[in-house]
Amino acid sequence: MSANVSSNLAAMLKIRRFEEQCIAMARAGKLPGHYHVYIGQEATAVAACAALKPEDFLFSTWRNHGHLLARGASPGKMLAEILGRSGGYAGGKSGTLHLSANDLGMPTTSALVGGSLPLATGAALACKRQGKGIAVAFFGDAGLEEGAFYESMIIAQVWQVPILFVCENNSIPPKDRKRGQYTSSTLPAQRLGDVTQSLQIPSEAVDGTDLTAMEECFKRLTAEVRNGGGPRFVEVCCSRWPGNIMTWPELPGGDWQIDWAFGGKPDVDAMVAWLSSDPLSLYLKKQLAAGALDRTQIEAIDAAVKKEMTGAAQFALDSAFPEASEAYRHVFAAQESAL
Amino acid sequence: MELTFIDIIRRALDEEMDRDAAIYLLGEDVAAGGAFGVTKGLVDKHGTNRVKNTPISEAAITGMATGAALCGLRPVLEIMFIDFATLAMDCLVNQAAKYRYMSGGQLSVPMVVRTQVGAAGGAAAQHSQSLESWFIHVPGLIVVAPSSPVEAYGLLKSAIRLSDPVLFIEHKRLYAMKEDLPEGAGPLPIGQARVARAGKDVTIIVYSAMVRTALAAADNLAKEGISCEVIDLRTLVPLDIETLLKSVTKTRRVVIAHEAVEVGGVGAEIAARLGSLAFEELDAPIVRVGCPFAPIPFAPELEKALLPGSREIEKAVRELIA
């Protein structure tokens, strides 16, 4: 088993098991508020972050857990933040919606649709001025419904700032939507990249279920951006996981099983259908077929990841709730006292 | 040498840019000087990398300034008219104001948004507003409103050096005002009001261009034997309530005046605070002077009919004394 295969597998499993942990915490009433999970999109964050350097900046959305984990954030501190505990990245002030890790080049995540696009473009300007690093903006297809998207694209292109726009299109096609189910994209364009292409920003689409294809894609695009090529836009075509229910995800069929990569099947039809576009299952099957790893190795990696997540959950649950006085702090840098 | 408000702002920007290479200017037409010529010539000295013309995209340029501020730069953004800040509200209110807080103190947003307010003849309803009260409602934003060229010089320098997002509000009618910049002038404190004129009968609380108007009113009232204390707030957030309380304890009567619409204005907040903190000190109800509840009209005669001026302040003071 190559180091790359094992690290890819571990990174994707880490995200999946983390999200399962979140859902379990929510079910147990430990997670206040609503939240969003990244199940089914793990390969995107893993491939993108593998192409980045420590000096790069990443901006994300409310669906940010996977991006942070792939960037190397601590699952314990993340979970503590998601549970609103003092041991979290922001001492409980950001929660899941604005989860970030400034020391990892992820200053903030905006929970406003398209909200982080101008921020990331500004970060790219800072990179250009400071002569190091690039910015990467992760956002969903709904971001293209906001005006800030177009304003950001125009400035990024006119100023030729080093930024990679990663649009994770996890929309449900209109024909498949259940009554009342709202999701994007309502964009009247054949392909999302057509929009940026019209602004002369090179764009392409990549299969979000194929980690290997994305590794190549992100490596190439980040190199182009890094070498002064200006902005790039990539649409990652994801397949929506059946448990992705706004705003309370569920686990149809329970936790993901290794056995599902070996012929076993979940007891929920929607999950059976979805497994054929699950980036984790697909990656495993591909590596198994190539003889790159065996079941024992997979189980060992999964066991290590599960152990880490159990530790993270314990860390989060052991972390104290913030003191009430914390609610008044950090309003201003200039003066910590309330005005 | 006498300098106009515009010249002095330009000088402060220029000196701050000399001091710190992380500072850069961006905004619509700023390389050409902006709509009022404030930044004129700075591009020749500091280059297009530091004086950047932007597309007419208030949402994105405010977001970009915020993003750049999070990542090591110190942007000074010009929003041409405060009326256009409506297009930048998401970033200002939901993002820039909150990132320090939401990060538990890990982040700061050292950004200044320069903009201008006020009616100055014939700019009509979308280029004449005074919308500052919207911003004092948002925790996390500093709001500065200088009253003269010399004040603007010191307050802008301080604003640029802060690590918080600042809305720096210039008034159109002050742009041509001239003053000598004193030798050794430097940054002024943020959050400290200034007694612009000492008096004993009535406290007039004002900011921005209304300070000059209130001083004129105080001159006229002095001739009638009424002594007014004029307080220039300088910063609306933080609000220097201590200085106000000190004055109110002395005069026991208060007029608060601003050009902004009276309803829901800065004066409402100050009146409420003084009313609860200094109720026992007051001999009369607090009086507010502000624009009537109407948009600013185009016709200069109509604009004049709406705008509160020295006459309205004098009237309010006389009624309080009577």
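Proteins get letters first, then strands, A, B, ... in listed order; numbering begins at 1 in each.
In terms of heavy-atom pairs under 4.5 Å with chain A, the best-connected choice from B:C91, B:A65, B:G63, B:P110 is B:G63. The choice from A:G115, A:A126, A:A90 that makes the most heavy-atom pairs within less than 4.5 Å of chain B is A:A90. Among B:I241, B:L26, B:D90, B:V109, the residue making the largest number of heavy-atom pairs under 4.5 Å with chain A is B:D90. With chain A as partner, the option from B:A21, B:P75, B:G67, B:A97 having the largest number of non-hydrogen pairs under 4.5 angstrom is B:G67.
Nearest heavy atom pair, residue A:F59 against residue B:C71, reads CZ-SG, 4.2 Å. Among all heavy-atom pairs drawn from B:S163 and A:A333, the shortest one is CB-CB, 3.8 Å.
Atom NZ in A:K93 sits 13.5 Å away from atom NZ in B:K98 (nearest 0.5 Å). In this structure, A:K128 NZ and B:N49 CG are separated by 7.0 Å, a value rounded to the nearest 0.5 Å. The distance from the CG atom of B:L107 to the OG1 atom of A:T108 is 6.0 Å, given to the nearest 0.5 Å. Taking CH2 of A:W159 as the reference point, atom OG1 of B:T54 lies at 6.0 Å (rounded to 0.5 Å). How far NE2 of A:H330 is from OG of B:S103: 7.5 Å, rounded to the nearest 0.5 Å. With rounding to the nearest 0.5 angstrom, the OG atom of B:S57 is 4.5 Å from the CD1 atom of A:I155.
Heavy-atom distances place both the backbone and the side chain of A:A327 under 4.5 Å from chain B. For chain B, the nearby parts of A:A123 are the backbone and the side chain; heavy atoms of each come within less than 4.5 Å. In this structure, chain A has a heavy atom under 4.5 Å from the backbone of B:N53, while its side chain stays farther away.
With a 6.0 Å radius and a threshold of 12 heavy atoms from other residues, nucleotides or ligands, A:K53 has its NZ atom at or below the threshold. Residue A:L317 qualifies as enclosed at atom CG: its count of foreign heavy atoms under 6.0 Å is above 12. At most 12 non-hydrogen atoms from other residues, nucleotides or ligands lie less than 6.0 angstrom from CD of B:Q126. No more than 12 heavy atoms of other residues, nucleotides or ligands sit less than 6.0 Å from atom CD of A:E323.
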Apply the test side chain to side chain contact (heavy atoms under 4.5 Å, CB included) to residues A:H98 and B:M102: give CA-CA distance (whole Å), side-chain angles for both, the deciding distance (0.1 Å), then the verdict.
CA-CA 7 Å; A:H98 314 290; B:M102 293 201 305; 3.2 Å; yes
Could you walk me through whether B:L141 and A:F332 pass side chain to side chain contact (heavy atoms under 4.5 Å, CB included), step by step?
CA-CA 8 Å; B:L141 295 177; A:F332 290 101; 5.6 Å; no
Evaluate side chain to side chain contact (heavy atoms under 4.5 Å, CB included) for A:V331 paired with B:R100, printing each intermediate quantity in order.
CA-CA 7 Å; A:V331 177; B:R100 180 169 187 80; over 6 Å; no
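You'll find the side chain of A:L119 stays beyond 4.5 Å of the side chain of B:M64, heavy atoms only.
The backbone N or O of A:S116 lies less than 3.5 Å from no partner atom in the side chain of B:Q95, so there is not a single donor-acceptor pair. For B:Y99 (side chain) and A:P107 (main-chain N/O), no donor-acceptor pair under 3.5 Å exists by modelled atom type.
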